[in-house]
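Working notes, structure below.
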Amino acid sequence: MSCWSILAQKARAERNRIAEDYTTLRTRIDEQQSLLDRTVQISMQYQSKIELLQTGSALFADIQLYRSSLKQMQQAKFQIESQLKILVLEGGRFQRRLQIAEVERQKFEKLIDREKLNSKRLAEKLDALDMDDLGIQLFQRKKKLA
């Protein structure tokens, strides 16, 4: 096993590890996005409930309860959006790391291919030299026999 093969294996393992981490991060982003969607939906329900209660005769305490709940949902929405932005930025960093790891892997694969090609050329050259040597020996024998 050549040194390039070992380095290629290491680069492949690093790329796979980064890809797994990125997949985990994407899962977290999806979870946060679904949590944000549910929070927005609940906030809209609270808002419509407040509007409904204000048009009819309702207790002030009920309206206050929905307003405080709406404020809590808006704060939660803000926190979730902040966390989502952080995760998306981290995802961009993971993508760049993944691209760099993939370039490294491809570089080592090309070096392995080049080494194989050089070995093949060297083997062909040695075969050609052996054939030339054999041809010279046959020529010398024919000369002696003639």
Side-chain angles (χ1 to χ4, degrees), residues 1-140:
M1 183 172 264
S2 71
C3 62
W4 300 128
S5 299
I6 294 168
L7 290 172
Q9 283 180 345
K10 285 183 178 182
R12 217 173 297 126
E14 177 69 14
R15 185 208 54 204
N16 291 342
R17 186 188 60 76
I18 293 171
E20 287 174 9
D21 292 345
Y22 181 66
T23 302
T24 303
L25 181 69
R26 287 299 313 164
T27 303
R28 287 180 55 204
I29 289 173
D30 292 341
E31 289 170 355
Q32 289 293 318
Q33 186 62 47
S34 66
L35 183 61
L36 178 64
D37 294 342
R38 285 185 292 186
T39 304
V40 167
Q41 184 181 17
I42 292 170
S43 295
M44 291 172 55
Q45 289 174 355
Y46 282 156
Q47 185 67 38
S48 64
K49 193 72 162 177
I50 290 171
E51 291 171 3
L52 182 68
L53 288 174
Q54 285 178 343
T55 58
S57 61
L59 294 176
F60 183 72
D62 290 342
I63 295 174
Q64 279 302 108
L65 177 65
Y66 281 111
R67 283 184 182 165
S68 65
S69 297
L70 180 62
K71 285 181 184 179
Q72 289 175 351
M73 285 294 142
Q74 289 171 344
Q75 289 173 347
K77 178 184 165 196
F78 176 74
Q79 290 175 345
I80 294 168
E81 286 174 341
S82 299
Q83 183 68 26
L84 194 57
K85 286 177 185 177
I86 290 169
L87 290 174
V88 168
L89 288 175
E90 193 174 333
R93 283 189 224 117
F94 268 108
Q95 283 180 330
R96 284 189 289 282
R97 286 179 51 203
L98 190 59
Q99 288 171 346
I100 290 168
E102 180 62 21
V103 167
E104 283 291 310
R105 186 197 65 78
Q106 289 175 357
K107 176 178 70 174
F108 290 125
E109 292 294 330
K110 286 182 181 180
L111 288 169
I112 290 170
D113 291 343
R114 183 183 300 163
E115 185 178 36
K116 286 178 184 176
L117 181 63
N118 287 341
S119 296
K120 183 180 175 186
R121 285 180 183 165
L122 180 62
E124 288 173 355
K125 189 174 183 178
L126 291 175
D127 286 344
L129 288 174
D130 287 343
M131 294 300 281
D132 288 344
D133 189 39
L134 185 63
I136 291 171
Q137 288 176 8
L138 286 174
F139 179 73
Q140 293 296 332

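Throughout, residue positions are numbered sequentially from 1 according to the sequence presented. Keep in mind that the numbers below use all heavy atoms, side chains included, and drop hydrogens, waters and symmetry copies.
- Looking at Ile80 and Lys77, their side chains never come closer than 4.5 Å, going by heavy atoms from C-beta outward.
- Between Arg28 and Gln83, some side-chain heavy-atom pair lies under the 4.5 Å cut-off.
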* Derivation and outcome, side-chain contact (heavy atoms from CB on, under 4.5 Å), residues Glu90 and Arg93 -> CA-CA 5 Å; Glu90 193 174 333; Arg93 283 189 224 117; 4.2 Å; yes

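- Residues Ile112 and Ser5 come closest through the heavy atom pair CD1-CA, 3.6 Å.
- Distance check: Asp127 CG to Asp132 CG gives 11.0 Å after rounding to the nearest 0.5 Å.
- Asp37 and Gln41 form no side-chain donor-acceptor contact under 3.5 Å, judged by distance and modelled atom types alone.
- The line from CG of Asp30 to CD of Gln33 is 8.0 Å long, rounded to the nearest 0.5 Å.
- The distance from atom CG of Asp113 to atom CH2 of Trp4, rounded to the nearest 0.5 Å, is 13.0 Å.
- Considering all non-hydrogen atoms of both residues, Leu70 and Ser43 come closest at CD1-O, 3.4 Å.
- Here the shortest heavy-atom pairing between Leu25 and Leu87 reads CD1-CD2, 3.6 Å.
- Contact of the Leu111 side chain with the Arg114 side chain is registered, since non-hydrogen atoms from C-beta on lie closer than 4.5 Å.
- Here the straight-line distance linking atom CD of Gln64 with atom CD1 of Ile50 works out to 9.0 Å at 0.5 Å rounding.
- Residue Arg26 holds its CZ atom at 12.0 Å from CD of Glu31, rounded to the nearest 0.5 Å.
- Annotation for Met73 and Thr39: closest pair O-CG2, 3.5 Å, computed over non-hydrogen atoms.
- Here the straight-line distance linking atom OH of Tyr66 with atom CD of Glu51 works out to 13.5 Å at 0.5 Å rounding.
- Other residues, nucleotides and ligands contribute over 12 non-hydrogen atoms within 6.0 Å of the CZ atom of Phe108.
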* Report the C-alpha separation of Glu20 and Thr23 in whole Å, then their side-chain angles, then the decisive distance to 0.1 Å, and conclude whether the side-chain contact (heavy atoms from CB on, under 4.5 Å) test is met. => CA-CA 5 Å; Glu20 287 174 9; Thr23 302; 5.6 Å; no

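- Counting only distance, with no hydrogens or angles, the side chain of Asn16 and the backbone of Arg12 share a donor-acceptor pair below 3.5 Å.
- Electrostatic pairing of Glu14 and Arg17 counts as a salt bridge here, judged by a charged N lying under 4.0 Å from a carboxylate O.
- Of all heavy-atom pairs spanning Leu98 and Arg15, the tightest one is CD1-O, 3.6 Å.
- Of all heavy-atom pairs between Leu84 and Leu36, the closest is CD2-CD2, 4.1 Å.
- Of the N and O atoms on the side chains of Gln106 and Glu102, at least one donor lies less than 3.5 Å from an acceptor on the other residue.
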* To do: Under the side-chain contact (heavy atoms from CB on, under 4.5 Å) rule, what do Gln137 and Asp133 come out as? Steps first, then yes or no, please.
  => CA-CA 6 Å; Gln137 288 176 8; Asp133 189 39; 3.5 Å; yes

* Given side-chain contact (heavy atoms from CB on, under 4.5 Å), test Phe139 with Ile136 step by step and report yes or no. => CA-CA 5 Å; Phe139 179 73; Ile136 291 171; 5.6 Å; no

